[in-house]
Amino acid sequence: MSMELPKHYDPREAQERWLRFWTERGFFHARPDANRQPFCIVIPPPNVTGALHLGHALNNTLQDVLIRWRRMQGYDTLWMPGTDHAGIATQAVVERRLREEEKKTRHDLGRDELVKRIWQWKDQYEKRILGQLSELGCSCDWQRTRFTLDPVCARAVRTTFFKMFKDGLIFRGKRLVNWDAQLQTSVADDEVENVKQKGKFYYFRYPILARGSGTLDHVLIGTTRPETMLGDTAVAVHPEPARELDKRERELEANLAKANEKDTREIQERLERLRRRRTEMLPHLEQLAELAHAGTILELPLLGRKIPLIADRYADPEKGTGAVKITPAHDYNDYAVWERHRATGEPINILNPDGSINDNGRGEFRGRAFSYSGLDRMDARRKVVEDLQELGLFDREEDIENTIPLSDRSKTPIEPYLSDQWFVRMGDVDNQPGLAQRAIDAVKDGRVKFTPERYGKTYLDWLGEKRDWCISRQLWWGHRIPIWYVYAPENELKRIFAGRDDVTWRLDEVNGRWLVCALEDLPTDILGPKYPLEQDPDVLDTWFSSALWPHSTLGWPEATPELAYWYPTSVLVTSRDIITLWVARMVMTGLYNLDKVPFHHVYIHPKILDAFGETMSKTKGNGLDPLDIIARYGTDALRFQMVHLATETQDSKMPVANVCPHCDELVPVKMEHLGGKTRKITCPSCKKPFRPGGPWHAVDPELPTAKQASERFEVGRNFANKLWNAARFLFLNLEGYKPEAIRHEALPIEDRWILSRLATTTATVTQHLENYRFSEVARTIYDFTWSEFCDWYIEMSKRRLSDAAAKPLVQRVLVGLLDGILRLVQPIMPFVAESIWQALNEVAFERGLPAPEPAAESVVIAPWPVLPESWRDAAMETRIGHMQELVRAVREVRNRYTVDMKTNLDVFVRCAESVAGDFRTLTPFIAALAGVGRLECGPDTAKPRQSATHVTPEFEAYVSLQGLIDVSSETARLQKQLAEKLKHIQAARGKLGNSNFVDRAPADVVQQQRDLVADLQNQIKAIEENLRDLQEG
RNA sequence: GGGCGCUUAGCUCAGUUGGCUAGAGCACCAGCUCGACAAGCUGGGGGUCACUGGUUCAAGUCCAGUAGCGCCCACCA
């Protein structure tokens, strides 16, 4: 029976067909099975509103490879899918649409309505992202799909929060946030836009109160935001200005020595400025430092507060007046300074949420009362300047251009603002290891292993700081914080909540109210109308629910069979930038809630960068849409490339091109196209305009949008096609195929060779998978399939297929090989593997090596190949290696020269015999593969390609072929190596023999040298034995 | 400011404890429409392994320094 396949592999048809087939058969659905080993991965949940991008493609392909491989190995395999509600990102998307389409803010809608809208949005977009993952071939158990806000996850969140609150791990604290005073909300960093604009720099004087020594009676400071002086808690100067300036000067001089022309000018200018400043300012700076060291106190103008002059490196001696005012409540850098000098007192918040000055803006100075309370911050700025002028403390103002942070949403200046937030305590409590320490221990003692190992350091360093985790966010979309505030006598609380173990409370020491924490929502009138409860308006940080993902998705806090069976999960696959935010927190909560780590391994994969080495992002507009790649090259090609670029260390640059929608020409994306600014590109080939494509492009009705492409995916596409055509060759030659067991020892040499290679390849691939060496996995399979199976074995099989007596055996071997290759390929390129597998099931249902068996109904559930170790034969592989070299050499000679046929044949036969040795059966293959046979049967029409001036081409060919045996053979190679080593040994001996060396070198070094010589001698012995073996046969 | 990584062919990248004549794909050159595959086959050219120094019998690989590039954390998702 034979059948014919189309000439090219059609990915589109295969993808649709097998996706449906797999789903119908339920191959991806898992149930706990005590008779099998569990293997489980939880997906890093993509943002619900996100679209699939290349990072997802990489991350999920790698997980799928592991899952598919383990499934074939017989593990009870669960890949748990789901999506993340991604608080700020999602709410921002919906709010933006609201603004653009209905000109409304969230306040117009109200909390409940906005949340309702986001849920609608979520339902729509969750389908999209999950559908895209499915298209990628991800073999997730889709029936178990979770969402971080669904009831199961919500219960886990509540339970954890409640437990932490009860354990005293959750507390109130202060933190600086980006405050949008107009919208009265905090804003995430990526929603802050830095804008250059004209502004003023103001200088004024702070009087020195208690002077240690010296002549100064004030300190001059400069600022762009004078009103923030109301919140100053200190003034900082550099502790060692002279040393610092010296150091910088030296550095600049050193740089100058090797700078190029352009940099030289810049450095020289800076050096000049530095030296001038040194001359002009240094005595003053030194005096300031001295004052700071002496504990000088300043008097804050207008408010009369006493603030210290402190020494801190943050104050740059090269800039300004050398002294910096410190306003910890309203500046991130100042806050950091304050953290180093906590003794200077608590940060002072001077703003109301609406941006006006609060009651901290009142005070008395030199007998006069000043108040800014209630003034808008911009009005306060003017009044502060006026008042300082009046007091004679104002020095001067300068026009400058500075950068100020604007809120992306309201376009008003962002105010860093110290506000009340909820925190989780990371540190140790009562000398017991806290959340951070327990997570640290888990990695230190190897319960959690990172691959590559170095990322363990990132994790440990970050956790080592044990910084408390701020978990509240001023948003509406997310898990609302289950805390209710109430002013009431404690008796009332006791009366209502006594005996309830799902409610607990604690006194808020700051304002005397109760903080009530509950597992379930509390009615606000539960204490009666006199004591209304008010729920905290904030929601939890998205990472709080993400941190529970490995156990919440498996049903915790319920004791589900899934949790018992699959937790801890096997491996977590993610990117390095969320090691701290996500990985560390999963370990913490896993240990906290279940006393078990959430996963045994963490595999960190590289990042895909654009052609210029920058991360792909929406704002840069340099992304690549995986769906375009799938459409153009096929899913298997995309997956192959993802696996192939997943190397140990290196991030991968991915040049992107737009496909001209008019003429299909690839137009590379250039630097100037980035930033999302380019709306139109003119095709250099057909001169027609189009809109650049990308995963984040908006549709433009006027202009056709380009699809994207990248040459990098051709490798995978070509490989899929190669595999397809190898299968096609088989199908054309399977007539009369009969399954039957083979006897390995009776096989011809080329069969034993390819089976040895298959066994080696299978073992290597398995090992690489175990070690997460994905790139090697792809490369090993690719090389074996293409360069050995196709290039050599199939070619050698052609002769035998035309020989009726030899045919049945070679058919069995070919089918067995293809079967094995398909199984190896399946985890990476499941669609093409399944296509061929199903076709093979039609014509050779019973197959396999060494004995045939009925095939699995899908390659997805076929067993992972394990071949007899005894099939691996290194000597055989070397022998065929020689043959290949001979063939290559003959081909080269044929390609280079026109040779006399008779001489050539004669020389060739001698070479072939010499190489083949006792494997005479190989000689015909050598002849066929080298094309020598054709030389015999007609005039060689090839023209001389290299002129021979002093030797005839025939002579050169002859010499090449003669030389070949010596140069190419393993014998010669080993001999050469041997000679090298002998030389080294002699050198080593010489050193040892040198009495000087023996006398002076430490004993262990001498011993080391002796060991080395002994070692080398052993190696030589081994080599010599090898040589003898080779010569004998 | 702290931490991590990268620099190997024109391009994108491999190169596991030091031990090859430093590899692959693409691109390039020459030749092949021979019954699996032109998304292919055969052969070829192309590298001071960023630079400087050190350790070693032996360095792309280990160590130190220099230069350039990138990422993460400091605030945030």
Side-chain angles (χ1 to χ4, degrees), chain A residues 5 7-9 47 84 86-89 92 175-178 186-192 254-255 258-259 313-314 332-333 335-336 416 454-455 457-458 461-462 465 467 470 473 541-543 576-581 607 609 611 613-615 633 637 644-645 647-655 710-712 714-715 717-733 768 771 773 775-776 779 782-783 787 790-791 794-795 798 888 891-896 931 934 942-943 945 967 973 976-977 980-981 983-991 1008-1009 1012-1013 1016 1019:
Chain A
L5 261 45
K7 226 172 166 180
H8 287 297
Y9 167 58
N47 179 344
D84 191 277
I88 202 146
R175 160 152 310 204
L176 275 183
V177 294
N178 298 319
S186 65
V187 178
D189 264 14
D190 50 8
E191 290 185 292
V192 176
N255 288 346
K258 29 193 148 145
R313 289 176 183 281
Y314 169 58
Y332 286 103
N333 289 318
Y335 189 80
R454 77 190 113 93
Y455 290 114
K457 189 174 155 49
T458 310
D461 285 353
W462 184 79
E465 291 177 29
R467 301 169 78 94
C470 178
R473 295 290 180 273
D541 179 10
T542 304
W543 296 111
R576 72 174 100 87
D577 44 6
I578 49 176
I579 290 173
T580 54
L581 295 165
K607 299 186 68 146
L609 312 172
E614 295 190 33
T615 43
Y633 303 97
H644 192 252
L645 59 73
T647 58
E648 168 124 358
T649 51
Q650 186 96 20
D651 290 343
S652 193
K653 279 182 254 183
M654 182 69 70
S710 176
E711 282 176 358
R712 304 285 296 281
E714 287 175 7
V715 185
R717 180 197 58 181
N718 295 353
F719 183 46
N721 198 50
K722 186 72 178 178
L723 202 55
W724 178 261
N725 274 294
R728 192 164 167 263
F729 169 79
L730 256 70
F731 290 129
L732 291 171
N733 287 287
H768 286 322
N771 296 321
R773 303 182 70 92
S775 182
E776 298 292 305
R779 207 169 54 87
Y782 180 94
D783 286 348
S787 311
C790 291
D791 286 355
I794 286 191
E795 290 308 320
K798 283 177 181 171
R888 281 198 197 99
R891 285 170 180 166
E892 182 180 344
V893 170
R894 280 176 43 75
N895 247 321
R896 270 183 197 277
R934 285 199 298 135
K943 294 177 199 86
R945 287 167 204 123
V967 174
R973 191 178 300 173
K976 217 169 131 191
Q977 214 175 28
E980 278 292 294
K981 280 189 177 169
K983 225 166 71 194
H984 294 319
I985 290 165
Q986 274 154 8
R989 274 213 183 111
K991 247 189 177 178
Q1008 204 188 329
Q1009 293 287 341
L1012 194 70
V1013 171
L1016 285 170
Q1019 283 186 40

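Residue numbering restarts at 1 for every chain, and letters A, B, ... go by the order of the sequence lines.
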task: Could you tell me whether the phosphate oxygens of B:rA36, OP1 or OP2, come under 4.0 Å of any side-chain nitrogen or oxygen in A:K798?
output: yes
statement: In whole angstroms, the gap separating P of B:rC73 from CZ of A:R576 amounts to 11 Å
- prompt: Just how far, in rounded Å, is P of B:rC72 from CG of A:L581?
  reply: 11 Å
query: With sequence neighbours excluded, what pairs up with A:R454 under the salt bridge (Lys or Arg N to Asp or Glu O under 4.0 Å) test?
result: none
- prompt: Think A:R773 has a side-chain N or O under 4.0 angstrom from the OP1 or OP2 of B:rG15?
  reply: yes
Close N or O pairs between protein and nucleotides 62-64 of chain B (under 3.5 Å):
none

task: Not counting sequence neighbours, which residues clear side-chain hydrogen bond (donor to acceptor under 3.5 Å, both in side chains) with A:D84? List them please.
output: A:S546
message: Base, sugar-phosphate or nothing for A:I578? Non-hydrogen atoms, less than 4.0 Å.
response: nothing
task: Return the set of residues passing side-chain hydrogen bond (donor to acceptor under 3.5 Å, both in side chains) with A:D651 (not counting sequence neighbours), or none when no residue passes.
output: A:R576
task: Determine the Euclidean distance between corresponding P atoms of B:rU61 and B:rA9; express it in Å to zero decimal places.
output: 15 Å
field: Any A:N718 side-chain N or O less than 4.0 Å from OP1/OP2 of B:rG40
entry: yes
message: I'd like to check the side-chain contact (heavy atoms from CB on, under 4.5 Å) partners of A:K457; sequence neighbours left out, ordered by chain and number.
response: A:D461
task: Not counting sequence neighbours, which residues clear salt bridge (Lys or Arg N to Asp or Glu O under 4.0 Å) with A:R712? List them please.
output: none
query: Starting at CZ of A:R728 and ending at C1' of B:rA38, how long is that distance when rounded to a whole Å?
result: 13 Å
field: Under 4.0 angstrom between A:K722 side-chain N/O and B:rC37 OP1 or OP2
entry: no
- prompt: Does A:E795 get its side chain close enough to the base of B:rA36, under 3.5 Å, for a donor-acceptor pair?
  reply: yes
task: Using the P atoms only, state how far B:rG53 lies from B:rG15, rounded to an integer number of Å.
output: 28 Å
Check nucleotides 10-13 of chain B for protein N or O atoms closer than 3.5 Å to its own N or O atoms and list the pairs.
unit_1: B:rU12; atom_1: O3'; unit_2: A:K653; atom_2: O; d: 3.4
unit_1: B:rU12; atom_1: O2'; unit_2: A:R712; atom_2: NE; d: 3.3
unit_1: B:rU12; atom_1: O2'; unit_2: A:R712; atom_2: NH1; d: 2.5
unit_1: B:rU12; atom_1: O2'; unit_2: A:R712; atom_2: NH2; d: 2.4
unit_1: B:rC13; atom_1: OP1; unit_2: A:D651; atom_2: O; d: 3.4
unit_1: B:rC13; atom_1: OP1; unit_2: A:K653; atom_2: N; d: 2.3

- request: Please confirm whether the backbone N or O of A:H644 pairs with a side-chain atom of A:S775, one donor and one acceptor, at under 3.5 Å?
  value: yes
- prompt: Of all residues at least two apart in sequence or in a different chain, which pass the ring pair (Phe, Tyr, Trp, His ring centres under 6.0 Å) check with A:Y335?
  reply: A:W338
Residues that A:Y633 engages under side-chain hydrogen bond (donor to acceptor under 3.5 Å, both in side chains), provided they are two or more places apart: none
field: Residue that, paired with A:F719, satisfies ring-ring contact (aromatic ring centres under 6.0 Å, His included) out of A:Y9, A:Y782, A:W724
entry: A:Y782
message: Wobble G-U and Watson-Crick pairs count when both distances are under 3.5 Å; given that, what is the 5' to 3' dot-bracket string of RNA chain B, with | for pairing to other strands?
response: (((((((..((((.....[...)))).(((((.......))))).....(((((..]....))))))))))))....
- request: Would you please name every residue forming a side-chain hydrogen bond (donor to acceptor under 3.5 Å, both in side chains) with A:K653, sequence neighbours left out?
  value: none
message: Between A:R467 and A:D461, which residue's closest nucleotide on RNA chain B lies nearer the 5′ terminus?
response: A:D461
query: What residues, two or more places apart in sequence or in another chain, satisfy salt bridge (Lys or Arg N to Asp or Glu O under 4.0 Å) together with A:R773?
result: A:E648
- request: Specify the residue among A:N725 and A:Y9 whose closest nucleotide of RNA chain B lies further upstream toward the 5′ end.
  value: A:N725
statement: Per atom distances to the A:R454 side chain, the nearest of B:rG5, B:rA14, B:rC41 is B:rG5
task: Taking only the side-chain heavy atoms of A:K457 (C-beta and beyond), determine which of B:rA36, B:rG3, B:rA39 contains the nearest atom.
output: B:rG3
